[in-house]
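Here is the naming used below: chain letters follow the sequence lines, and residue numbers restart at 1 for every chain. All values below come from the heavy atoms of this structure, side chains included, with hydrogens, waters and symmetry mates left out. Please read all numbers here as calculations on a predicted model, not as lab measurements.
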Amino acid sequence: MAKGKDKQGNTLARILKAYSSGDLDDKLKPVEKKPGKQAHPRGTKRARDGSPVEETHAITKPKEPRGVEAGLKERQEKRIKSENTKSTPNPKPFGKGAQKGQKPNPLLEARKALPIWPHAQSIRAALKKNNVLVLTGETGSGKSTQVPQFLLSEPWCQKCIAVTQPRRMAAISLARRVAQEMSCPPPGRVPGAKVGYSVRFDNATGPHTRVKFLTEGMLLQEMVRDREMEEYSAIIVDEVHERSVNVDLILGFLKNLLSDLENGRLKKRKNPLKVVVMSATVDVGALVQFFGEGSKESEDTQQTLHSDVSSTLVGTQQNQDISTCYIEGRQYPVQTIYLPEPTQNWVESALIHIFQIHRKEPLPGDILVFLTGREKIEKLEKLVNEYAEGLEDSLPKLLVLPLFSALPQHAQQRIFMPTPHRTRKVILATNVAETSVTVPGVRYVIDCGKSKIKEYRNALGLESLLAKPISKSAADQRKGRAGREAPGKCYRLYTEDGYNGFADRTQPEILRCDLSHALLTMVAAGIGLRDVFSFPFLDPPPRGAIERAVALLHDIGAVTEEAEIANDALTMAKFPLTPALSRVLIEAATPERNCLEDVVDIVSALSTEDIFLNLANEERKKEDAEAARRGFYRRSGDHMTLLAAVQGYLEETSDRKAWCAKHFISHRAMQNVVKVRKQLLELCQRLSLVPNSSSSVDPPTANASPEEHTKRVLQCFARGFMRNIARLMPDGSYQTLVSKQTVAIHPSSVLYGRKTDYLLFTEFVFTNRAWVKGVSAPDVGALEEVMRKVVLGDGDGE
DNA sequence: GAGCACTGC
């Protein structure tokens, strides 16, 4: 190593040391540091999921035909048609008693058959009386489609009703369904359309929209723009039990808004705002307490509510402003079968159960297996196919279908295709099948009892992705998947004691994520930095987590030394990006860097799924892919490599799909990159980060050499990701400068296996070890300039 | 030598 370089490195390390010593943190006024600083990180290392464990019992290879009865019943197999929209709760036979002679309206009859239908009057009455209704309804009750229609003709409902959904697909399909039921034109900008939807990249609302389905993120953005929600008469928050960060923010904002309205602090609204909170499971008590001022402990609430299973409405004494309502679901019984003894090797156990079910149970009845991730899915897929070859001819065939979200769309669609004759489907799925995708035809569920969960470690600024035991509610959700069409069975690959040891509910995301983005949103909505500590969270995150997020925002210049909101913070909040990536964009727009367009391309690629297809399984293709992509690879690392790939795609104008196939690049991902890129460029334009096109602009860094250009781009990333710098150690490992964490370059990086003095990375995940992804190798000088400017406050960075 | 699932002016 050259002496000069080493010296420079030391300078850099010194700067960062000063930086991390807390001098700066102390200047943040609202942060009350506890005397005992978090000295050492909580144990992050865990045994890798599914690490080799001594096998306790050998698997019996199915060779002798045993199940005679299995062959007899297969004739009757008949696939029940089912739609993959949550908006059609069990198209069961309805309207048998529909009066003949009158013109039959099948849609209306279907609505009348929904469990929620008889409750329409009491729901209207509840909202006439109170402004808040907490409605719990199980799967298939029809609440998402019917409640907005029940309310539409109420006298207080002059404006629009918003219905939030956690997922875009659900928002769109619900809007289509409700438009159909209301005999309106399908959602769109046409004047007649009363039902619309609004999701990222797709706004299908018009001047006459009365019911608007939108994703939680979209409503949040609207709240930031107009905190009085003038446009709406009612806001329905659906699927609250999933407890996304966004839904928690929405609930907090709504609570603030309701109390401001009640206390006359807001003047714009004429009519009160009605809020309906809908949830699948029994968090009623918590929600009622949350909206019911929160000051009084309402011990009786829970009991009162639980005794109210059959009737509809309860006004509790403590919380007179809140109505509650319970709607029964429509679900067939599912038998639960536990393991007698716990097992470590649940992949093998799943294998045994699949074949036991297949031998014992008649068709139809597909099997849905919940596993943790792609690796286990592919392992089990191979095993099942292997053992299926030994199946006697009298038994039906097995069709194994993997299902995880990284799977190409056409492969995911296979689960909806009709099952071939005398065949049983075995779907091996991740959590996608728990909420996002409804797999038709399932009567048997096998649940491994684990799922991979992302958690953020405040002390390290590191997220971990580890397989952990699921909660009781998640286990019950999985089990419910067996009873959508007929009575079913659920095999749990754990003991009953194991189940009893699960947490009741999955920990809400807000308690296990980096809060900097949430804080930025709150700040943009007019909440002062000091007030974030008293924001009404349904589950308040620990103070330390908020402090850490404030410190992060300070890192990137969203919070000033005086603990005030910086102007840049409001700009950053307007980007659909993490605060760090927003900072990178702002940096790229400065005259010294002048590389906004290229940085937008890279940021677009970083904020979508991986554009490089993963071909780990296909050995031969892997080498081809390496060769096909080599043209994009850049010495400086992943960021410039992404830029080359995105630009290559943009330059291809004839057949981009073929271009992607040729270069082993995901077309789906690239289409998304282009959408994000367009959106970001428009935002930059609107936020005046980009000079008006009328003025004569130099092409980006026209005067810079390629090396200088790369340096500038990486300096932008260094500005957003100051803590994400690691240094090569004498033993060949890398250690982060600030938190002294040993990290390894992820195998997906173009720098994998390379040694370089410094690494700058944009992602940091702990799985079986601490990996860094999105890695570049900047010049030390480039890093130092940024650090000096930021940490030491040097005006000009020289 | 490896990536649970969602989302966003």
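With rounding to whole Å, E609(A) atom CD is found 11 Å from dT7(B) atom P. If you measure from atom CG of L581(A) to atom C1' of dG8(B), you get 13 Å, rounded to the nearest angstrom. The CG-P distance, from N672(A) to dT7(B), rounds to 10 Å in whole Å. Note: CG (N431(A)) to C1' (dA5(B)) measures 6 Å, nearest angstrom. Atoms CZ (R200(A)) and P (dT7(B)) sit 10 Å apart, rounded to a whole Å. Nucleotide dT7(B) holds its C1' atom 15 Å from the CG atom of D202(A), rounded to whole Å. The distance between atom NZ of K450(A) and atom P of dA5(B), rounded to the nearest whole Å, is 18 Å. Regarding E216(A), its CD atom lies at a distance of 14 Å from the P atom of dC6(B), rounded to whole Å.
For E509(A), taking side-chain heavy atoms from C-beta onward, the closest of the listed nucleotides dA2(B), dA5(B), dT7(B) is dA5(B). Closest contact between the side chain of H517(A) and the listed nucleotides dA2(B), dA5(B), dG8(B) involves dG8(B). Set against dG8(B), dT7(B), dC4(B), the side chain of K452(A) has dC4(B) as its closest nucleotide.
Distances shown here put every side-chain N or O of S405(A) at or beyond 4.0 Å from the OP1 or OP2 atom of dC4(B). Residue N246(A) has no polar side-chain atom (N or O) positioned under 4.0 Å from OP1 or OP2 of dC6(B). OP1 or OP2 of dG3(B) sits under 4.0 Å from a side-chain N or O of N768(A). One finds a side-chain N or O of W771(A) lying less than 4.0 angstrom from the OP1 or OP2 phosphate oxygen of dG3(B).
Of the candidates Y491(A), W346(A), Y494(A), Y499(A), D447(A) forms a side chain to side chain donor-acceptor pair (under 3.5 Å) with just one, namely Y494(A).
At the heavy-atom level, L465(A) lies under 4.0 Å from base atoms of the strands shown. Nucleic acid contact class of K454(A) (heavy atoms, under 4.0 Å, all strands): base. Here L220(A) lies out of heavy-atom contact (under 4.0 Å) with every strand. Within the 4.0 angstrom heavy-atom criterion, no nucleotide atom of any strand lies near T164(A). Nucleic acid contact for T430(A): sugar-phosphate only, since backbone atoms but no base atoms lie under 4.0 Å from a heavy atom of the residue. Residue contacts shown for T215(A) are limited to sugar-phosphate atoms, with no base heavy atom under 4.0 Å away. When heavy atoms are screened at a 4.0 angstrom cut-off, R168(A) is found touching the sugar-phosphate backbone but no base atom. Nucleic acid contact class of F404(A) (heavy atoms, under 4.0 Å, all strands): sugar-phosphate only.
For N567(A), the CG atom is loosely surrounded, since the number of other residues' heavy atoms within 6.0 Å does not exceed 12.
Comment: K379(A) does not engage E375(A) in a salt bridge, judged by the lack of any side-chain N to carboxylate O separation of less than 4.0 angstrom.
With the nearest nucleotide of DNA chain B identified for both T578(A) and L403(A), L403(A) has the one nearer the 5' end.
A donor-acceptor contact under 3.5 Å is not formed by the side chain of H746(A) with the base of dG1(B).
Between the side chains of Q165(A) and Y197(A), no donor-acceptor pair of N or O atoms lies under 3.5 Å.
Pairs engaging residues 764-774 of chain A under the salt bridge (charged side-chain N to carboxylate O under 4.0 Å, His left out) rule: none recorded [sequence neighbours left out].
Contacts of E381(A) classified as salt bridge (charged side-chain N to carboxylate O under 4.0 Å, His left out), with partners at least two apart in sequence or in another chain: none.
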